[in-house]
2 protein chains.
Amino acid sequence: MPPKSNKRAKLLKAARKLIHRQGFQSTTLADIATAADVPLGNVYYYFKTKDDIVRAVVEERTQRFVDLSGQWEQHHDPVERLKCFIQMPITISRSIADHGCPVGSLLQELSKKPDSSDLATQTLQAQLNWVIEQFHQLGCDDPEPLGRHFVASLQGASLLANTLNQPSVIIEQSEQLIQWLHTVVDNRLSIKVGDATGPE
Amino acid sequence: MPPKSNKRAKLLKAARKLIHRQGFQSTTLADIATAADVPLGNVYYYFKTKDDIVRAVVEERTQRFVDLSGQWEQHHDPVERLKCFIQMPITISRSIADHGCPVGSLLQELSKKPDSSDLATQTLQAQLNWVIEQFHQLGCDDPEPLGRHFVASLQGASLLANTLNQPSVIIEQSEQLIQWLHTVVDNRLSIKVGDATGPE
DNA sequence: GTCTATATACAGATAGAC
DNA sequence: GTCTATCTGTATATAGAC
């Protein structure tokens, strides 16, 4: 347990950063090795192939989201949890304006790669499922389209912020999304109040 | 003027298709040459470098949008023109579900390439400017955020349709966008009616 | 576990005959 | 203008010493 090397972690961290900045294909193993301060030949002790590295990066990102969303469970109101979700891209809006959404841009690249489509969509799928679950818990009759709109809005905002190189686009569109979220919740309440067939 | 070879056009067409399916970096000149039925060495007579090819593809796409939007001028109502815009992704929704938005996915890839950011964003910038102009002509006080929301919604929908491999996501989100468009127009009218400082 | 040196493959680009 | 053969660089991956 003790002197276990941290080289694998250093490689993963370097890979995550470089893949976000340069894309997967443009990032060479030599780039990653140099950034992690590990000799090139040693990389293969930790990862059999380059594909193994990107798989580890994606799975780490997915796990990170699972952990984060777990923390958000402390909020009893799903609306508050969804606002936590919106806060994510706002926090890294500078980085998104510079290099795109780390989830969305890698998804686009990997989805064009043969035999990688499951891996490609893994993180966004997890986010989408979680978001839909929140709308479900809010008692929305049809949570799927709402969840898709929610996730699509943020992905679209990220792409546009990247296009214009303006982090403010993320903030601006997030505000519009929060307004939309409130109208959705308000409509649902008014329906529930007047609808004897609703839950409770 | 007479027997001018069509090889350049065939190469461009093949490049457009392959870049959309495989991405720019994964598409080799040999791929393009084979698909266009042109010997590899002959490609360089028409395009100095591989970067020249992708530049031509992007500029062709931008020009195509300019031509299309020009046709839409026959509609006097900007709302009708915006609906024409929405119709674009719907028409190719199967293709988007399979390979992503041809504009958005190439943008993400090129924007990570050094010295390509202007080219990368060219087509989406043209679309965004045109959309904003429509909201401006509608008399909206603040057309920029509205235009960004409009474009972001469709890009987000395309990414999600690709993620889920479901063309229906495009249709579904487009319907939500049209509803939103109508509320924007209705609000603008009610404000204009009650606002003595408005235009006219 | 770590690292140097290198094998292998392939893609962009060029030379030069026709 | 067209095409074959090939050069050159570079990236993944491996061999094998330590």
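Residue numbers begin at 1 in each chain, while the letters A, B, ... track the order of the sequences. Values below: all heavy atoms of this structure, side chains included; hydrogens, waters and symmetry mates excluded.
At a cut-off of 3.5 Å, with distance as the only test, no side-chain donor of D118(A) or Q122(A) sits close to an acceptor on the other residue.
Of all nucleotides listed (dT14(C), dT12(D), dT2(C)), dT14(C) comes nearest to the side chain of Y44(B). For K7(B), counting side-chain heavy atoms from C-beta on, the closest listed nucleotide (dC3(C), dC3(D), dT12(D)) is dC3(D).
DNA chain C lies under 4.0 Å from at least one heavy atom of each of the following residues of residues 20-41 of chain A: P39(A), G41(A).
Per the geometry, CG belonging to D51(A) stands 13 Å off C1' belonging to dA11(D), to the nearest Å. Atom pair R8(B):CZ and dG1(D):C1' shows a separation of 15 Å (rounding to whole Å applied). In this structure, the CG atom of N42(A) is 14 Å from the C1' atom of dA13(D), given to the nearest Å. In this structure, the CZ atom of F47(A) is 16 Å from the P atom of dT14(D), given to the nearest Å. The interatomic distance linking Y45(B) (OH) with dA15(C) (P) rounds to 17 Å, in whole Å.
Counting non-hydrogen atoms under 4.0 angstrom, Y46(A) reaches the backbone sugars and phosphates but no base.
Relative to the ring axis of F24(A), K50(A) places its NZ or CZ within 45° and under 6.0 Å from the centre.
Of all the heavy atoms in F47(A) and L11(A), the pair that sits closest is CE1-CB, 4.1 Å.
Classification of the H149(A)-W180(A) ring pair by plane angle, with boundaries at 30° and 60°, yields tilted.
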| What's the verdict on side chain to side chain contact (heavy atoms under 4.5 Å, CB included) for F135(B) and V185(B), showing C-alpha distance, side-chain angles and the deciding distance? | CA-CA 9 Å; F135(B) 283 103; V185(B) 173; over 6 Å; no
| task | Go through the steps to decide whether D52(B) and R55(B) satisfy the test salt bridge (charged side-chain N to carboxylate O under 4.0 Å, His left out), and finish with yes or no. | result | CA-CA 5 Å; D52(B) 271 6; R55(B) 184 176 306 118; 2.7 Å; yes
